[in-house]
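Worksheet: one structure, shown below.
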Amino acid sequence: MKARIRGRGPQGDDELTNRLLSYLKKYFPGNVREIIQLRPTVYYVRTSAGEFIIKGYSSFNRLILQENFTELLKTHGFRDTYSYLRPCRKEPFYANGLYFGFIEYIPPHFKQFTFQTESDRAEGLKVLKKFHHVTEKIAGAYNLSIPFANQIGKWEERFARFSANSHVISSILGAEIYDEILGWADWGLNGMKRREAIFSKGTQAILHGDVAHHNFLRSRNGRVNLIDFDLISIGPPVLDYLQYANRILPFMGWSFGALSECDGIKDFLNEVAFLHALVYPTDILREWNRILKGGSLLDGMKAEPVKEMTMHRYSARRKFIKSIQAMVK
Ligand SMILES: Nc1ncnc2c1ncn2[C@@H]1O[C@H](COP(=O)(O)OP(=O)(O)O)[C@@H](O)[C@H]1O
Ligand SMILES: [Mg+2]
């Protein structure tokens, strides 16, 4: 049977498809049945002998880093993720300027992991905790090969770009909303800067850096896996929990009460700096900056979903922020 290529086909590029097929033929048993592009650089591959994922990296070093890191996670006892298959060290699969890793496929459960349910949110936190438990032990080995997290620097830059585009954004959101959001960002960032030690000092671990729901994968056997280590950095675990809190809050109706019942997050709520960080509207700033990238003129088509995202549960968010500001005073 001839391989079926679905999705856009490997970047819509026949040459890449053909090279992939001949590489697979050389290094993998069985015939290729199907290739599906999942993301610009991620493909699902099914052969008569089994399934796997391939993912492209911009350099060979990055690929090796990912392979070694996931292997080290496993040898130190973190099993809730995939392994790389390493079909041939001497001849990595290289195409379209990318080095591809071959990754064990995790067959998904019919019930996808989601931040919408309390039990999944709790399960995600448990996996993250296990992850840090192991990465605290191995962070030292990576001091030279992965960057140190710089939360405040990253958010300062985000803030600067958002305020540089004040004219465009406030014409879409209205000056009042724009100013309010900028005020939250300013209040959050200033409080973080006054007590910055919590975001850089203390026990260092390898941070995941992208704890979005799509990087938690429930496998067919029901276990929740953590995947996609492209954004790892070194820093205190609190940064991953801050990001996790930011990600789940919209699904919890911005309830401070519900957040203070989350094991793994509740202890941080005693830290004033963490409360300031929760006020910083990182999601809103990120999305506006993303569509305004490159200084392009903003077309309404692009702005509409971002405006919608900004205003989604806006009054619940405002209430959440006001209650934090009252607490911190
Ligand atoms: N090993 C795997 N097994 C099953 N699905 C996977 C695997 N790796 C990736 N995926 C799927 O592909 C998506 C994108 O992969 P990911 O590595 O997170 O790429 P990106 O860096 O583009 O986010 C994941 O959200 C998941 O749905
Ligand atoms: Mg991902």
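In this text, all values refer to a predicted model and were calculated from it rather than measured experimentally. Counting starts at 1 for both ligands and their atoms, following the listed order. Values reported hereafter were calculated over all heavy atoms of this structure, with side chains retained and with hydrogens, waters and symmetry mates removed.
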N or O contact, R39 vs ligand 1, cut-off under 3.5 Å
yes

among protein heavy atoms, the one nearest atom 23 (O) of ligand 1 is D228 OD2, 2.9 Å

Heavy atoms only: which of T41, I106, I227 lies closest to atom 24 (C) of ligand 1?
I227

Quick one, K130 and L226 - any side-chain contact, counting heavy atoms below 4.5 Å?
no

For K55, the ligand 1 atoms with a heavy-atom partner under 4.0 Å come out as 16 (P), 17 (O), 19 (O), 20 (P), 21 (O)

Using a strict 4.0 Å cut-off to heavy atoms of I103, name the atoms of ligand 1 that fall inside it.
1 (N)

One thing to verify: whether K74 and E71 come together as a salt bridge, which I'm taking to mean a side-chain N less than 4.0 angstrom from a carboxylate O.
no

Between W155 and L285, is there a side-chain heavy-atom distance shorter than 4.5 Å?
no

Do S59 and N61 have a side chain donor and acceptor closer than 3.5 Å?
no

Nearest non-hydrogen protein atom, atom 25 (O) of ligand 1:
H214 O, 2.9 Å

State the atoms of ligand 1, each with its element, that fall below the 4.0 Å cut-off from a heavy-atom position in D230.
21 (O)

In this structure, are over 12 heavy atoms from other groups packed under 6.0 Å from R286 atom CZ?
yes

So Y27 and F102, do their side chains get closer than 4.5 Å, heavy atoms only?
no

Around the Mg ion (ligand 2), number of protein N/O/S atoms which are nearer than 2.8 Å:
2

So, do I103 and V42 sit near enough that their side-chain heavy atoms are less than 4.5 Å apart?
no

Check for me, please, whether L231 and L72 land in the same ILVMFWY cluster - side-chain distances under 4.5 Å, paths through other members count.
no

Side chain, backbone, both or neither: E104 near ligand 1, heavy atoms under 4.0 Å
backbone

Which atoms of ligand 1 are found less than 4.0 Å from any heavy atom of N215?
18 (O)

Smallest heavy-atom separation, L189 atom then F159 atom, equals CD2-CB, 4.0 Å

Checking side chain to side chain contact (heavy atoms under 4.5 Å, CB included) against K307, which of L173, I177, I169 comes through?
L173

Where is the nearest protein heavy atom to atom 26 (C) of ligand 1: which residue, which atom, and how far?
L217 CD1, 3.7 Å

Does some side-chain heavy atom of D283 sit less than 4.5 Å from a side-chain heavy atom of R317?
yes

Looking at K129 and D263, is there a salt bridge between them, counting it only when a charged N and a carboxylate O are closer than 4.0 Å?
no

Closest protein heavy atom to atom 6 (C) of ligand 1, given as residue, atom name and distance to 0.1 Å:
I53 CD1, 3.8 Å

In ligand 1, the atoms that come under 4.0 Å of a heavy atom of L38 are 11 (C), 12 (O)

